[in-house]
Amino acid sequence: MSDQPFLELRDVTKRFPGHAAVQDLSLAVPRGQLLALLGPSGSGKTTTLRLLAGFERPDRGAVIVGGVDVTALPPAARHIGMVFQHYALFPHLSVGENVAFGIPRGPGRTARVRQLLALVDLAGFEHRRIDALSGGQQQRVALARALGPDPKLLLLDEPLSNLDPALRERTRRELRAALEAVGVTTVLVTHEQDEAFALGDVVAVLRDGRMEQFGSAPDLYERPVTHFVATFVGRAATVAGTLVAADRARVSDGVEWPVRVPQAVAPGRAVRVVVRPEALRLGGEGGIAGTVRARRYLGGRALFSVATPLGVLEVEGAVDAVEVGAEVHVTAVRAHAFPAED
Amino acid sequence: MKRRPLGLALAIGLAWLVAYPLLLVALDAFRADGAWSLANFGGFVRDPREWEALWGSLWISVASVILAAAIGIPLAFVFERFDFPGRRVLGGLVALPAVLPPLVGVIAFLFLYGESGIIPRLIAAALALPESPWRLRGAGAILLVHAYSMYVYFYLFTRAGLARVDASMTEAAASLGAGRWRTLRAVVLPLVRPQIAAAALLTFMTALGSFSAPYIFGGGFRVMPTQILATKLNGNLGLAMVETTALAVLALTALALLRRTQGRGGIAITAKGAAPGVRVLRSPLGRAAAATLGWGFAVLLLLPHATLILVSLVPLGTWTTQLFPTAYTLGNFAALAQEPERLRPLVNSLWMAAVATVGALALALWAGREVVQRRARLARPLEVLVHLPWAVPGTVLAIALATTFSVRAPWMGRWLLVGTALILPLAYLIRNLPVAAGTVLPGFRQLDPSLDEAAASLGAGRWRRLLRVTFPLLRPALLAGGALAFATAVGDFVTSIVLYTYDTRPISIEILGALRQFDIGVAAAYGVVLMLVSAAAMALGTRR
């Protein structure tokens with residue numbers, strides 16, 4: 001049962017005049033999981049969310065929720081809760097009235113509103129005006145309102161983007177806790193990798209309306225399948241090189257790095273080698289020669305900018321590994337190689 | 001999606017109400033003795049009186065714009081930039097001509113400045129003249145009324161524009177060494193140009209369609225709207241159609257030309273700083289002068305209203321040659337309330353205006369939904385259609401409706417409505433459509449579309465979303481548009497005079513009837529009632 005996908009998109013395509021916002025997109029999410037749609041702006045993630053909610057109808061393909069094809073249903077009939085990017089709280093209604101909006105009239109309504117407000121830590125806020133709330137509080141009212149009708153599926157459109165960074169971390173934890181308490185299947189849209197990784201059980205990376213990669217956070221980070229994913233997810237540098245063996249690429253005369261090659265590339269072909277700061281080492285000899293230009297602290301460790309003939313490489317290391325201005329050699333312990341042309 | 005037919009239905013309905021009658025008039029202009037012919041045009045072109053009327057309409061409109069601008073713009077600067085005793089109260093009073101419906105304003109001027117009006121009598125008595133020092137007639141009289149009623153557009157629009165000019169703009173100019181005049185000329189005026197252009201357009205279109213002032217004061221002076229009615233009453237329908245077409249073409253051409261100059265170099269004021277502070281006049285002399293001028297002006301503005309009230313209290317036949325009335329009574333108002341035949345126009349005007357307002361608001365809401373929320377493919381034509389009646393003078397619209405709905409041909413979309421109680425509410429509705437759309441469409445544009453989507457995602461159907469979300473959020477827009485539409489319809493004269501029947505006569509027609517019988521007390525009492533209804537509607541509409 002739990003392995004049966006609860007939410008499914010099957011070959012969904014949505015065109016707008018001039019461009020395809022979403023193209024042949026398929027994905028599946030098990031019940032109770034949180035899927036994060038991650039991508040730069042214009043990648044089609046918001047359109048995907050709106051297709052799920054029913055605000056847009058796909059030109060092709062099907063949307064299936066809980067085994068039911070909802071493609072032709074209007075938003076009001078889908079039982080899908082949504083938290084909008086700017087919350088879309090009704091300014092003419094109180095907090096309690098907003099939360100009650102989607103709950104059927106009946107004896108249990110008031111108690112349900114109270115319970116939902118308690119869930120988002122806003123007990124007693126029923127009679128407040130919407131414009132008297134802080135951004136974080138508005139975000140939580142929007143969540144409570146979306147959960148009101150007990151939706152089959154919850155959609156979150158950039159739920160934290162309107163909050164200042166200090167508040168974002170805390171709200172993210174609270175959001176995670178509230179969603180776990182409710183256990184509702186959720187789709188989240190974000191352009192921030194941190195957010196996608198912190199909240200999503202699975203992450204779908206979108207680009208130009210197509211799926212680039214679908215998987216868990218470690219999958220995407222450690223085993224990116226395209227150059228786009230490798231550089232969009234996490235910090236990374238790209239250098240030009242040549243594949244010399246199935247698992248080695250030459251990046252400079254006499255310097256070869258061990259690489260993963262996810263796509264089929266024949267040895268001898270030009271490749272783009274992607275390497276992350278934590279996979280680079282600073283040493284006295286061997287590797288690429290360079291000069292340390294700057295050091296940035298990352299808590300207990302530091303990020304060194306090293307100018308090399310390949311370009312500036314960022315290397316993570318112990319804070320006291322080298323001094324700025326030092327001549328060093330940079331070696332890589334692992335990297336990813338992708339075809340030179342995507 | 002299966003939604004397009006709704007937008008299409010609205011587009012067809014609006015085209016039928018708004019564009020189709022105009023088309024029929026234009027076609028009828030080419031028909032004489034039951035056949036296609038240019039005979040009517042020949043008659044029009046050869047008659048110098050027609051050219052006189054066309055030219056009269058044009059230059060009166062241009063002159064009205066110049067006069068109204070000359071009063072309204074400086075006034076707006078004074079009230080927006082200087083502080084002096086009574087500024088707040090006066091600033092509100094200055095907009096008062098707006099609560100006088102056109103015909104009521106005209107009869108107030110008649111009682112005040114007309115040949116036997118109060119002011120000429122006072123002057124004649126003071127200077128021992130044998131008769132009135134002037135006759136309120138012709139182009140001068142028309143321009144006086146136009147300047148009085150239309151400067152308000154320039155005043156209100158310019159003030160609104162000035163209030164949005166950011167203080168940093170004038171401060172920047174000052175820091176670059178520009179003096180006060182150069183700042184005004186090179187910075188402030190260009191920034192408020194869009195507002196001034198909008199006021200000029202509104203004034204021009206209003207003056208071009210103005211009917212009451214030329215009708216009462218015109219004498220031998222010809223303008224198109226009165227010319228059309230005279231030709232129609234003379235029974236020369238073919239010529240009336242050509243005249244109507246000519247006036248419509250003049251109006252639409254003027255609109256297109258003015259729009260074009262307006263469209264060029266539209267400047268968006270992007271800064272969101274503070275509005276420039278007002279300069280407090282400190283010198284006692286300056287304060288006294290400003291206050292005296294201000295209050296003097298206010299008295300001048302309020303004289304018509306006061307005169308109307310005064311005359312409404314005069315019993316029939318008691319005020320003949322005396323300077324001031326000798327007796328006062330509330331009898332005229334009692335007559336309006338008690339005599340069924342006097343009460344009927346009041347009831348007529350109120351219900352017809354109410355029905356027309358509700359109808360116009362409903363159509364505007366529907367149009368707003370199609371144009372803004374659904375971004376229907378027909379959005380552009382729909383928007384043109386709801387605003388078109390504004391560009392067409394009232395006389396033209398009335399003649400067009402009279403033409404369209406005096407024939408029974410259901411398969412042509414024509415029914416016999418002239419002579420029934422339906423035609424006037426329909427005419428008011430069409431005239432009010434741009435007024436209602438003017439607030440409802442921007443209201444829709446300001447609505448966050450995700451509010452409607454949020455309600456839908458919470459399971460609310462179309463009607464619940466409309467009632468619980470859209471209506472409450474649009475309430476200020478609906479109230480403002482509805483109040484303005486109601487005030488316009490309840491005081492309408494220009495379409496009523498073409499389309500009324502005895503049983504459906506509105507207040508304005510009854511005022512005219514009372515004037516013809518020299519029952520000036522009753523005429524003024526009707527005027528006072530109209531003035532109060534307009535004022536109440538506008539107060540309601542501008543409340544926040």
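Numbers restart at 1 for each chain; the letters A, B, ... are given by sequence-line order, proteins then strands.
Contact detail for B/L451 and A/L89: the closest heavy-atom pair is CD2-O, 3.3 Å.
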Which is it for B/E453 and A/R50 under the side-chain contact (heavy atoms from CB on, under 4.5 Å) test, yes or no, and what are the steps along the way?
CA-CA 10 Å; B/E453 292 176 353; A/R50 294 174 62 81; 2.6 Å; yes
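Counting non-hydrogen atoms of other residues, nucleotides and ligands closer than 6.0 Å to CZ of A/R15 gives a total of 12 or fewer. At most 12 non-hydrogen atoms from other residues, nucleotides or ligands lie less than 6.0 angstrom from CZ of A/R129.
In terms of modelled atom types and a separation under 3.5 Å, the side chain of A/H79 and the main chain of B/G459 share no donor-acceptor contact.
At a 4.5 Å heavy-atom cutoff, the contact between A/A146 and chain B is made by backbone atoms alone. Residue contact with chain B, scored on non-hydrogen atoms closer than 4.5 Å, involves the side chain of A/L93 exclusively. Residue contact with chain A, scored on non-hydrogen atoms closer than 4.5 Å, involves the backbone and the side chain of B/R468 alike.
Atom CG of B/L458 is separated from atom CD1 of A/I80 by 12.0 Å, given to the nearest 0.5 angstrom. Residue A/L52 holds its CG atom at 12.5 Å from OG of B/S457, rounded to the nearest 0.5 Å. Rounding to the nearest 0.5 Å gives a distance of 10.0 Å between CG of B/L474 and NE2 of A/H92.
Looking only at side-chain heavy atoms (C-beta outward), B/V469 and A/F101 come within less than 4.5 Å of each other. For the pair A/P91 and B/L473, the minimum side-chain heavy-atom distance is below 4.5 Å. Counting only heavy atoms from C-beta outward, the side chains of B/P472 and A/F90 never approach each other to under 4.5 Å.
Contact tally against chain B (heavy-atom pairs below 4.5 Å) for A/G102, A/G54, A/A76: the top residue is A/A76.
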